[in-house]
A.B. asks: 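Right, I'll just put the structure down here and ask away after.
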Number of protein chains: 2
Amino acid sequence: MPKLIDHGERREEIASAAWRVILRDGVGAASVRSVAAEAGLSPGSLRHVFASQSQLLAFAMKLVIDRADARVEALTLRGTGLQSAEDIVVELLPIDEERVIEMEVYLALFAASGSDPMLRDARHDVFTRVRNGCRRIIYLIDHGQNPKPEAEIQGEVTALHALLDGLAAHLVWQPTEMDADQARGIIVSHLRELASRRKND
Amino acid sequence: MPKLIDHGERREEIASAAWRVILRDGVGAASVRSVAAEAGLSPGSLRHVFASQSQLLAFAMKLVIDRADARVEALTLRGTGLQSAEDIVVELLPIDEERVIEMEVYLALFAASGSDPMLRDARHDVFTRVRNGCRRIIYLIDHGQNPKPEAEIQGEVTALHALLDGLAAHLVWQPTEMDADQARGIIVSHLRELASRRKND
DNA sequence: AACTTGATAGTACAATTGTACTTTTATAAT
DNA sequence: ATTATAAAAGTACAATTGTACTATCAAGTT
């Protein structure tokens with residue numbers, strides 16, 4: 001029997017090396033060679049784990065959401081639905097360096113996914129998971145209220161998702177014009193207005 | 001004296017060829033050669049007009065906003081501030097094919113601008129122009145109301161801008177999950193709530 | 001008609017890319 | 001100790017890249 005390697009772990013190592021390259025030099029520079037060098041591997045070794053560049057980048061994209069999911073799951077939720085919703089949403093914003101890195105990679109790969117079938121699949125998967133997170137948040141706010149028609153809930157989920165991604169994009173791409181406190185304030189007041197509107201009707 | 005060419009017009013021709021390439025094959029495929037071929041020119045000719053690839057892509061990015069600006073300027077504004085604001089915002093959303101194309105190019109270049117100095121400048125310029133458009137919209141809604149503290153207006157401008165870009169991104173990247181009517185509805189109800197909140201206090 | 005000069009075409013080159021392939025190394029079962 | 005085999009390294013190759021360069025074309029001034 002030969003040497004055996006934990007493929008899952010190795011994949012994460014390589015993907016995080018890809019993150020570093022994307023952060024430093026952009027998606028365009030994330031070639032098989034440069035990522036392999038960043039990970040301290042030979043291109044041949046990398047190819048042993050990821051059969052193609054698309055696979056590598058798709059994995060790197062999904063890893064972003066895995067990490068965010070893990071952080072949200074680890075949250076101990078506070079009292080009211082609104083408070084918990086705020087905690088979750090804030091966790092999804094790129095408010096510290098670690099989260100900025102993740103978000104930058106997320107957006108770069110999203111925008112670069114173009115027509116590559118593998119990246120398109122990953123993009124759709126990631127989009128759906130974030131959308132579901134937004135749905136959970138809206139349900140949390142709804143908790144204890146009169147149930148609303150599904151169509152209205154859909155609209156609110158969609159709006160929250162768009163606002164969240166827009167804020168994230170601005171935080172990453174124009175940090176001089178948007179800072180974490182501002183973004184947090186916008187999201188929190190959006191949720192509060194939503195909750196108070198619910199109470200009033 | 002030799003043949004003289006309208007450089008401005010030629011630049012727009014080449015930039016729109018670049019748009020087509022970016023749409024068809026993604027930003028990564030927008031090489032000097034492929035864009036030249038799409039425009040029916042030789043790479044040498046293209047280089048005569050754009051000294052580098054960065055210049056070409058930066059120009060292509062700014063052209064998107066020039067077009068959108070022109071459309072907004074051409075609008076004959078309707079009655080109340082709120083109605084006009086709605087007209088403008090809707091004009092900025094990618095609701096038909098022409099606008100989808102523009103937005104796709106806008107986002108692709110935005111995300112690819114990474115650390116290229118020329119693209120960074122163009123990105124900042126474009127961001128500022130959209131931000132100013134949002135400011136104009138908020139002022140339109142404010143029109144005739146009690147003037148609000150500047151800080152509050154800033155927050156509303158920032159939020160509107162983020163929501164707008166987020167909706168645009170989803171329309172372009174996940175058209176199956178977000179359609180033009182939905183996006184328009186979200187933006188319009190956002191503006192209406194904003195206006196009614198103004199009236200109440 | 002000759003010429004000047006911008007516009008265009010074409011070619012060349014070094015660098016980098018994704019992928020395929022072969023060789024070497026290391027480890028666990030026999 | 002031998003061996004089977006996964007992992008890693010290394011090499012090769014065709015294709016594409018940005019840019020530089022030279023040659024050709026065309027138009028308007030003289």
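Labels below follow one simple rule: chain letters A, B, ... track the order of the sequence lines, proteins then strands, and each chain is numbered from 1.
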A.B. asks: Quick one: does A:Trp19's side chain have a donor or acceptor within less than 3.5 Å of a partner on A:Ile101's backbone?
C.D. replies: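 Checking the backbone N and O of A:Ile101 against the side chain of A:Trp19, no donor-acceptor pair under 3.5 Å is found.
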A.B. asks: A:Ser45 side chain to A:Leu41 main-chain N or O, any donor-acceptor pair under 3.5 Å?
C.D. replies: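 It does not hold such a pair.
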A.B. asks: Write down the distance between CG (B:Asp25) and C1' (D:dT17), rounded to a whole number of angstrom.
C.D. replies: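 So the two atoms are 15 Å apart, to the nearest Å.
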A.B. asks: Identify which nucleotide among D:dG18, D:dA7, C:dT8 has an atom closest to any side-chain atom of A:Leu4, counting heavy atoms from C-beta outward.
C.D. replies: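 Side chain of A:Leu4 sits closest to D:dA7.
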A.B. asks: Say you draw a straight line from OG of B:Ser16 to CD of B:Glu102; how long is it, rounded to the nearest 0.5 Å?
C.D. replies: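 One gets 11.5 Å once the value is rounded to the nearest 0.5 Å.
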A.B. asks: In whole angstrom, give the distance that lies between atom CZ of A:Arg33 and atom P of D:dA9.
C.D. replies: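 The distance from CZ of A:Arg33 to P of D:dA9 comes to 15 Å, rounded to the nearest Å.
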A.B. asks: For the backbone of A:His7 and the side chain of A:Glu12, can you confirm whether one donor and one acceptor N or O come within less than 3.5 Å of each other?
C.D. replies: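 Side chain of A:Glu12 to backbone of A:His7: no pair is present.
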A.B. asks: For residues 12-20 of chain A, which residues have at least one heavy atom under 4.0 Å from DNA chain D?
C.D. replies: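 Listed by number, there are none.
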A.B. asks: If you measure from CG on A:Leu46 to CZ on A:Arg11, what distance do you get to the nearest 0.5 Å?
C.D. replies: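 Spacing of CG (A:Leu46) from CZ (A:Arg11) equals 10.5 Å.
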A.B. asks: Would you jot down, in residue-number order, the residues of residues 36-63 of chain B having a non-hydrogen atom under 4.0 Å from DNA chain D?
C.D. replies: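 Nucleic-acid contacts, sorted: B:Arg47, B:Ser52, B:Gln53.
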A.B. asks: Side chains of A:Arg120 and A:Ser113: is there a donor and an acceptor less than 3.5 Å apart?
C.D. replies: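 Side-chain D/A pair, A:Arg120 to A:Ser113: absent.
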A.B. asks: Roughly how far, to the nearest 0.5 Å, is OG of B:Ser84 from CG of B:Leu140?
C.D. replies: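 Here the interatomic distance stands at 5.5 Å.
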A.B. asks: For A:Pro149, does its backbone N or O pair with a side-chain atom of A:Gln154 as donor and acceptor, under 3.5 Å?
C.D. replies: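 Pair absent, no side-chain N/O of A:Gln154 close to backbone of A:Pro149.
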A.B. asks: Can you tell me the distance, in whole Å, between the CZ atom of A:Arg10 and the C1' atom of D:dA8?
C.D. replies: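 Result: 9 Å.
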A.B. asks: Checking contacts here: which listed nucleotide (C:dT17, D:dT19, C:dT19) is nearest the side-chain heavy atoms of A:Val32?
C.D. replies: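 Selected nucleotide: C:dT19.
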A.B. asks: Just to confirm, is there a sub-4.0 Å distance from OP1 or OP2 of D:dA6 to any side-chain nitrogen or oxygen of A:His7?
C.D. replies: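 Negative; the distance criterion is not met.
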